[in-house]
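In what follows, a single structure is set out as C-alpha cells and then discussed.
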Amino acid sequence: AQKITQTQPGMFVQEKEAVTLDCTYDTSDPSYGLFWYKQPSSGEMIFLIYQGSYDQQNATEGRYSLNFQKARKSANLVISASQLGDSAMYFCAIGTNAGKSTFGDGTTLTVKP
Amino acid sequence: KAGVTQTPRYLIKTRGQQVTLSCSPISGHRSVSWYQQTPGQGLQFLFEYFSETQRNKGNFPGRFSGRQFSNSRSEMNVSTLELGDSALYLCASSRLGATNTGELFFGEGSRLTVL
C-alpha cells in the first residue's frame, strides 16, 4: 500500500517570494512516480510536476521544482516567485503501475499581495 | 485536443436514489479512474478501468460501481444514495494507466449533493 503525508494544512507566502510545500511518502514498490497537482477553487486538478523513482536529478517545470530526497522519502514542491494566481490547494500524489494513485490531504496555499 | 469531460457538473439527489455520472477521456487514452473528494476524507480512489476491464478498486461499498465502454468512455453509478455520498467526483484519464510514469488528466468533476 502507498501513503502520502502532507503535514501543512495551510501555508501563507508573500507575492514574489518562494515557498516549499512538504510531502513525504511510503511505498514498498521499487518503481513509482511522485506528482504534484494544483486544485484551484474551480475544482479541476491541474498537473504540475512529476518525479520518477529512478530519476537522479530533481524535476523542474518553470517556477516549480521538486526536491526529491529518496532516502528520506520526501518530495517537496518548491514554487519560486509566487504569484497571486498560485493561491490554491496543492496535492502530492504517488502512483505505481497498477493504475491507482494515492493522494495526500493537500495544502492550501494563500499568496498575499 | 479536448480534455476530460464529465457530466453532469452539478446534481442534487435525495437519499435512497441512484445516480450515474459520465466521463469522456482524452482521445487515445484507454485508462479511466474515478476519485471521490470530500472535505473530511480528501481524495479517495474508487476504481480504474483499462480497455473495458476494471483493474483496480478502492475500499468503497458495492453501492459504487462503474463500467467502461469500447470507446473508453466510462460511467460510475452509486445506488441507494446516503448523505455521506455528497462529494466532488473526479474522473481522470491517462494513455496507459501506468501511474508510475505518467500524470493523470482530470475533468472538472461532478458535484453531487445528497439531501
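Per chain, numbering begins at 1; letters A, B, ... match sequence-line order. Remember, it's a predicted structure, so these values are computed and weren't measured experimentally.
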Quiz prompt | Per-residue contact mode, A:Q39 against chain B (heavy atom under 4.5 angstrom) | solution =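 For A:Q39, side-chain heavy atoms alone lie under 4.5 Å from chain B.
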Quiz item: What heavy-atom pair brings A:S82 and A:V19 nearest, and what distance separates the two atoms?
Solution: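 Of all heavy-atom pairs spanning A:S82 and A:V19, the closest is OG-CG1, 3.9 Å.
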For [X], is it the side chain, the backbone, both, or neither that has a heavy atom closer than 4.5 Å to a heavy atom of chain A?
X	answer
B:Q44	neither
B:F47	neither
B:T101	both

Quiz item: How about A:F103 and A:F35: are their ring centroids closer than 6.0 Å?
Solution: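 Between A:F103 and A:F35, the centre distance exceeds or equals 6.0 Å.
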Self-check item: Centroid-centroid under 6.0 Å between A:F91 and A:Y37 rings
Solution: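 No: the rings miss the under 6.0 Å criterion.
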Quiz item: Do the charged groups of B:R63 and B:E82 touch, with an N to O distance under 4.0 Å?
Solution: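 Between B:E82 and B:R63 there is a salt bridge, with a charged N closer than 4.0 Å to a carboxylate O.
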